[in-house]
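Counting convention: from 1, in listed order, for ligands and their atoms alike.
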Amino acid sequence: MGLPEQRQDAAFEGTIVVRMVLSVNHLEAVSTGDSDSGQCASAHLNGLNGRHTGTKNTVGPSMPEKLNGNSGSLFEFCDDVEDAQGIGDQQMGAKTLRGEFFASPEVYAQETQQIFRKNWICVGRASDLSAAGDFLVHEMNGESFIVVRDTHGRVSCFYNVCRHRGTRMQVEACGHFKTRIQCPYHAWTYDFQGSLKNAPNMNEVEGFNVKDYPLQTVHSVVWQGFVFINLDRDCPPFESFLASILTRFDDWRLSDLVSAHHVTYEVQANWKIVFQNYSECYHCSLVHPQLNPVTSVKTSSNDFTEGPFLGGPMVLSDAYDTVSVDGQLCGDWLPGLCDEDRNRVYFYTFFPTLFISPHPDYVLTHRIERSSCNSTRIVCDWLFPQEVVDQTGFDPTKAVEFWDVTNRQDWRVCELTQHGVQSEAYEPGPYSNLESMLVAFDRHYLKAMAEEECDT
Ligand code: FES
Ligand SMILES: [Fe+2]
């Protein structure tokens, strides 16, 4: 038995949950684990449509057996890592990943083991779980997880698997458990810490003890208002993962921001194509006629250039106070920003599931979910201070519309790229010197894929 390790850091909320069995002093006579479910908290605010889906192009049905003229193993990651390390700091000579990395089911399965089971995965905003019993269900790696806020205000994550006969207990994407988590099959009932509280008739079974059957716990932590989970029972502490960027967003007070609107996109492209597209503005002048004059690629720089966090700022052009349809702020500047940050937009990627884009008056986030080799769900949120959202007349539409247009422009070229990298004609092409973050992404990705398999 153990107690959860309480985080005291101001940037943290809740706990890093360790696998544990809580003592149970009494059993409840009546199961009350029913739930209300339905629309997630941040949807359909301010009269905007809550859900959009991107164009669904049909991607070719099968991979050619030999890709790019390369008949070697799909898992030549060690060679790829070596190549990537050979690139070193120099940009010239770096090339895009081979085609199988974007379309092979074997690579997809390897990513599950090497990346999505080992890294901290963002599953949503804690502000969407504001009350005890509020939950979201996160699907990943063929598994399902319940993330719930407990009566002590902590956020915990459990496998969505009943300890009786394994039934999936909750199928709605989000909602509210009134008092308990109850399995719909035989009414085994768990509290929000995962302890089994009631198992009808099981007291007649010799040796049965509810203490032996808590829900299976997953590591979870809340940082800057984002809920992260990690399926690796031996994962390093979250702080060590985030060490280089732990306080980077304090000035934007991310923990205090809430989603004023969100949009979910289904993009028919591999998740890495989406990451790479976000990580360069080489394409901006052609793909984004609206965005290009707002933040010129000539002003971009990067302050994180290696590892799991990449990116940096772009400077707003003189005529624009922020990125919005009319270039004007939606409210006021975010409190606490220096003059320099009032004139910048930052673009950061968090490997492998999150983009954070702080603006002078809001923070745009993209949360990435792999759906298949060649499809990705992207949940976009526009975050503002609660007090701004509560103001009479507050309307984020001009920020939402600007980025919705820009997003769709991006998804279109991502889907076109997905088509191309699946072609037997595709072979790795040379990166430009405006794509250094893609080289860094590839290097980190390949290292993660090869970890414990190569002597690197
Ligand atoms: S499978 Fe859940 S109570 Fe029986
Ligand atoms: Fe773009």
Pair [X] + [Y]: ring centers closer than 6.0 Å:
X      : Y      : value
Phe309 : Phe304 : no
Phe351 : His444 : yes
Trp223 : Phe241 : no

Fill in: Cys183 backbone or side-chain N/O/S under 2.8 Å from atom 2 (Fe) of ligand 1
yes
Worksheet item: Is there an N/O/S atom in His164 that lies less than 2.8 Å from atom 2 (Fe) of ligand 1?
Response: no
Taking only heavy atoms of [X] into account, list the atoms of ligand 1 that are under 4.0 Å away from them.
X      : result
Tyr185 : 1 (S), 4 (Fe)
Thr167 : 1 (S)
Cys162 : 1 (S), 2 (Fe), 3 (S)
Trp188 : 3 (S)

Worksheet item: Once the angle between the rings of Tyr445 and Phe441 is folded into 0 to 90°, is it parallel (under 30°), tilted (30 to 60°) or perpendicular (over 60°)?
Response: parallel
Item to complete: Look at the aromatic rings of Phe355 and His366 and report parallel, tilted or perpendicular, splitting at 30° and 60°.
Response: tilted
Discussion item. Does Trp382 form a ring-ring contact (aromatic ring centres under 6.0 Å, His included) with His359? I'd like the steps, not just the answer.
Written reply: CA-CA 10 Å; Trp382 285 257; His359 290 56; 9.6 Å; no
Practice prompt. Would you check if the Fe ion (ligand 2) lies under 2.8 Å from any N, O or S atom of His283?
Written response: yes
Fill in: His288 atom NE2 and Asp410 atom OD1 as seen from the Fe ion (ligand 2), angle to 10 degrees
90°
Worksheet item: For Tyr265 and Asp404, does a side-chain donor sit closer than 3.5 Å to a side-chain acceptor?
Response: yes
Practice prompt. Output the atom name for the N/O/S atom of His186 with the smallest distance to atom 4 (Fe) of ligand 1.
Written response: ND1
